[in-house]
Amino acid sequence: MIQLSERLLTMEESATIAMSRKSRELKAAGKDVISLSLGEPDFHTPDFIKQAAVEGMEQNYTTYTPVPGYDDLREAICEKFKRDNGLKYTKDQIVVSTGAKQSIANVVLSLINPGDEVLIPAPYWVSYVEIVKVAGGIPVIVSADIHSNFKITGKQLAPHLNEKVKMIIFSSPCNPTGSVYNKEELKDLASVISKHKHITVISDEIYEHINFVGKHESLAQFEEVYDQVVTINGMSKAWAMTGWRLGYIGAPKAIADACSKIQGQFTSGTSSITQRASIPALKKDPAFLNDMLAAFKSRRALVLKALQEMDGVIVNEPEGAFYFFPDISSFFGKSFNGTTINNANDMSLYLLEEALVALVTGEAFGAPNCIRISYATDEKTLTEAMRRIAEALKKLN
Ligand code: PMP
Ligand code: GLU
């Protein structure tokens, strides 16, 4: 009889991945499902990146790689951090991994002992809480709602910081809310965090380039917290490289060394071909991404207008990433055809069955009044999805 570990049993399946699996299964069964569940750009990887991969193979970059990544890749990452974020990292502070997801897991497993607390502002990205649980850590949630644009302040954070809290994990631009912390807001958080030198912050900046309000700001830019911050980034989102699997960290050297050690036992370095392909992308001027950004901006306007026109839906304008996170709690208690909506899980299932639109419940992101809509798809599909959602919501009473 197979007995799974307690570690595994306390962990939830990723809701984003579960929902996209469900919609794939329904599509395979012939249902006309529109999937707005997975946070994955619908663009293709740019040709110059594919070309670099081909060249990498032709040059026989096909063997095991150094665990933290090729030297010239890590140098390109240092340059990128300096160019885009004003951050000074040396090569030995960079570790390249099989996606930002692994980068985050490496850092958590390197620093968290069983019983340590990890503060996670909600709404949060699904995997933070589950990775912390696998490490034996205790997630402590501090919530912000739609009326504060889902952002927390230093004042809100301060009373939660104590000797037991070893880490804070957050993203900006945020998955699932699209919120972006500006420089003053980050400075405010930094001034509180710097008073607790035993705390490390994972600043997940993977949506850096999908920002509609201007320059991306990194937490590590503030000297008072530089040695407390691990900056996470990766190729998946801006460069449409979700399947290639490359994430990276800029971190204090001791943390980078720890992550290399863990990775050396778990996975070794990420794919040689992916690493070769990522070098020219990191060296490219990010202005290259302007067309993609314009497409996301136009889609954002389309979905915002549609959601604003739906009675009972509270929505804010996200400043980055490619998600909407509307509050749909005004529908709780309403029914259609014998189905009553009591929470966001019910709502996401109702919309899947009644509207054939797959979304993700806010419960998975620590926000039970909301649902997450990924708008990383074309405008025709988005228009049809919004029409279906509006129609299904109108039926509830
Ligand atoms: N952080 C956030 C906030 C994300 O949305 C994702 C989504 N994939 C990741 C990290 C992980 O990215 P990847 O592993 O593809 O680099
Ligand atoms: N990060 C994306 C999302 O939130 C991809 C899925 C995942 O990695 O969990 O949908």
Side-chain angles (χ1 to χ4, degrees), residues 11-24 35-43 45 69 77 95-108 120-132 150 168-181 201-211 216 219 230-249 259 263 266-267 270-271 274-275 277-278 281-282 296 318 320-325 348 358-367 370-377:
M11 189 175 89
E12 303 279 339
E13 182 184 5
S14 165
T16 49
I17 288 178
M19 203 59 177
S20 74
R21 178 172 39 74
K22 204 176 266 181
S23 59
R24 230 178 269 156
S35 179
L36 306 183
S37 58
L38 198 62
E40 169 155 74
D42 57 324
F43 299 104
T45 306
I77 292 171
V95 179
V96 175
S97 299
T98 306
K101 208 176 244 183
Q102 187 187 15
S103 301
I104 295 164
N106 282 344
V107 179
V108 172
I120 305 178
Y124 47 74
W125 180 48
V126 279
S127 296
Y128 299 158
V129 167
E130 303 309 322
I131 292 172
V132 166
F150 299 111
I168 300 171
I169 313 181
F170 81 114
S171 61
S172 175
C174 175
N175 178 2
T177 63
S179 301
V180 176
Y181 283 85
V201 186
I202 294 186
S203 178
D204 182 348
E205 304 181 14
I206 194 156
Y207 293 94
E208 158 180 28
H209 291 301
I210 305 166
N211 173 336
H216 172 76
L219 183 65
V230 177
T231 308
I232 304 273
N233 213 320
M235 306 308 291
S236 284
K237 309 295 170 172
W239 297 99
M241 290 175 70
T242 49
W244 295 70
R245 311 308 300 135
L246 194 145
Y248 56 87
I249 61 169
C259 290
Q263 190 162 292
F266 274 19
T267 58
T270 193
S271 151
T274 297
Q275 291 194 47
S278 298
L282 287 157
F296 278 131
F322 35 63
Y323 306 106
F324 276 88
F325 204 58
S348 64
L359 312 154
V360 188
T361 169
E363 303 258 3
F365 306 94
C370 298
I371 49 171
R372 191 190 76 170
I373 301 172
S374 166
Y375 59 89
T377 193

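Starting from 1, each residue takes its place in the sequence as its number. Just so you know, these numbers use all the heavy atoms, side chains as well, and skip hydrogens, waters and symmetry mates. Indexing begins at 1, ligand by ligand and atom by atom, following the structure's order.
Interface of Gly39 with ligand 2, defined as ligand atoms under 4.0 Å from a residue heavy atom, comprises 2 (C), 3 (C), 5 (C), 10 (O). Heavy-atom proximity to Leu38, at under 4.0 Å, picks out these atoms of ligand 2: 5 (C), 6 (C), 10 (O). Set against the non-hydrogen atoms of Ser14, the atoms of ligand 2 under 4.0 Å away are 9 (O).
The aromatic rings of Phe43 and Phe296 lie perpendicular to each other, with more than 60° between the two planes, well past the 30° mark.
Counting heavy atoms from C-beta on, the side chains of Cys370 and Phe150 come closer than 4.5 Å. Considering only heavy atoms from C-beta on, Val107 comes within 4.5 Å of Cys259 through its side chain. In this structure, Pro41 and Thr242 have side chains that are in contact, with non-hydrogen atoms separated by less than 4.5 Å. For the pair Ser14 and Glu130, the minimum side-chain heavy-atom distance is 4.5 Å or more.
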Exercise for review: Please assess Glu40 against Ser20 for the test side chain to side chain contact (heavy atoms under 4.5 Å, CB included), listing each intermediate value before the final yes or no.
Suggested key: CA-CA 11 Å; Glu40 169 155 74; Ser20 74; over 6 Å; no
**Study point:** Working for side chain to side chain contact (heavy atoms under 4.5 Å, CB included), residues Glu205 and Thr231
**Key:** CA-CA 7 Å; Glu205 304 181 14; Thr231 308; 3.7 Å; yes
Exercise for review: Carefully, step by step, assess Asn175 and Phe365 under the rule side chain to side chain contact (heavy atoms under 4.5 Å, CB included).
Suggested key: CA-CA 9 Å; Asn175 178 2; Phe365 306 94; 4.1 Å; yes
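Annotation: Tyr323 is in aromatic contact with Tyr207 [ring centroid separation under 6.0 Å].
No side-chain donor-acceptor contact under 3.5 Å links Thr98 to the backbone of Arg245. The backbone N or O of Ile206 sits nowhere less than 3.5 Å from a side-chain atom of Ser171 that would complete a donor-acceptor pair.
Annotation: atom 9 (O) of ligand 2 to nearest protein heavy atom, Thr16 OG1, 2.8 Å. The closest protein non-hydrogen atom to atom 1 (N) of ligand 2 is Lys237 NZ, 3.3 Å.
Using a 4.0 Å cut-off between heavy atoms, Lys101 contacts ligand 2 through its side chain alone, with no backbone atom that close. The residue Val360 has no part lying near ligand 2, judged by heavy-atom distances below 4.0 Å. By the criterion of a heavy-atom distance under 4.0 Å, neither the backbone nor the side chain of Met19 is placed next to ligand 2.
Residue Ser127 has no nitrogen or oxygen atom sitting less than 3.5 Å from a nitrogen or oxygen atom of ligand 2, judged on distance alone. Checked against a 3.5 angstrom limit, the closest N/O atoms of Val126 and ligand 2 fall outside it.
For ligand 1, the protein residues within 4.0 angstrom (heavy atoms only) are Gly99, Ala100, Lys101, Trp125, Tyr128, Asn175, Asp204, Ile206, Tyr207, Ser236, Lys237, Arg245.
Residue contacts with ligand 2 leave out Phe322, since none of its heavy atoms falls under 4.0 Å from the ligand.
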